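Worksheet for the structure shown next.
All values below were derived from every heavy atom in this structure, side-chain atoms included, with hydrogens, water molecules and symmetry-related copies excluded. These numbers were taken from a predicted model, which means no experiment stands behind them.
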Amino acid sequence: MRIELELCVESVDAALVAQKNGAARIELCASLVSDGGVTPSLGLIELAVKTLTVPVMVMIRPRGGDFCYSDLEFEVMKALEDIIGIGGIDRILTSGQDKSVLEGMETLQSIVERAKGRIIIMPGGGINVRNLERILKSVRVTEIHMSLMKTIESPMEFRRSEADPVLVCMGHPGRSEFVRYTVDTDKMKQIVAILNLKAQ
């Protein structure tokens, strides 16, 4: 049985790396590291769809933080759905109602059994090279969702001194603005190898 890998990214560059290394699908987000992912810009969505050959899913989330949305935030999400042209729901991304898939495995398997193939149950949250095989032995799924990020240095040459009194940080406080996020291809190759073995 072939298990598809959906990879969560926040740029077209990272999406292309993921596609090249075996991702079956991309979940496109913005602010993945600082906010856990929010809806990306329309420009980013359009470029990703135009550039990639694998399917692109888009996170619909108006802000970081909890999931207790105001009426206005629900209106934002409805408007985004209209723009993106989202159709019917065909999959559910879940950690099994726990902090990670590993901790929610029993619930996940119960959800898979109740779904009976009518909707795809896609586990996501804390899956990595060390625990993937254990998860796949316990939960019978056809797709998994991961974020295999690593940082790379920005090619920006002009950098102000930290001592400069007019320094304005254009990144997240406490994190270098000269760091970008991409896909860790070494880890991704290990994941794809595990999934290919399961497919045999």
Item to check | Within residues 10-29 or reaching into it, pairs that qualify as salt bridge (charged side-chain N to carboxylate O under 4.0 Å, His left out) - sequence neighbours excluded | outcome: Glu4-Arg25, Glu6-Arg25, Arg25-Glu143
Next on the checklist: With a 4.5 Å cut-off on side-chain heavy atoms, are Cys8 and His145 touching?
Outcome noted: yes
Checklist entry - Is there a side-chain contact between Asn128 and Ile191, using heavy atoms and a 4.5 Å cut-off? => result no
Checklist entry - Pairs in or reaching into residues 32-55: which pass salt bridge (charged side-chain N to carboxylate O under 4.0 Å, His left out), with residues at least two apart or in two chains? => result none
Next on the checklist: Just to verify, what does Leu102 make a side chain to side chain contact (heavy atoms under 4.5 Å, CB included) with, not counting sequence neighbours?
Outcome noted: Ser100, Met105, Asn131, Arg134, Ile135
Checklist entry - Does the side chain of Asn21 reach to within under 4.5 Å of the side chain of Lys189, using non-hydrogen atoms? => result yes
Checklist entry - Who passes side chain to side chain contact (heavy atoms under 4.5 Å, CB included) against Ala193, sequence neighbours left out? => result none
Checklist entry - Are the side chain of Thr151 and the backbone N or O of Tyr181 linked by a donor-acceptor pair below 3.5 Å? => result no
Checklist entry - Are the side chain of Gln19 and the backbone N or O of Val54 linked by a donor-acceptor pair below 3.5 Å? => result yes
Checklist entry - Do the side chain of Thr142 and the main chain of Ile3 share a donor and acceptor less than 3.5 angstrom apart? => result no
Item to check | Test side chain to side chain contact (heavy atoms under 4.5 Å, CB included) applied to Arg180 - qualifying residues, sequence neighbours left out | outcome: Ile152, Ser154, Pro155
Item to check | Val139 and Val112, any side-chain heavy atoms less than 4.5 Å apart | outcome: yes
Item to check | Contacts of type side-chain hydrogen bond (donor to acceptor under 3.5 Å, both in side chains), residue Ser41, not counting sequence neighbours | outcome: none
Item to check | Min side-chain heavy-atom separation Asp98-Thr107 under 4.5 Å | outcome: no
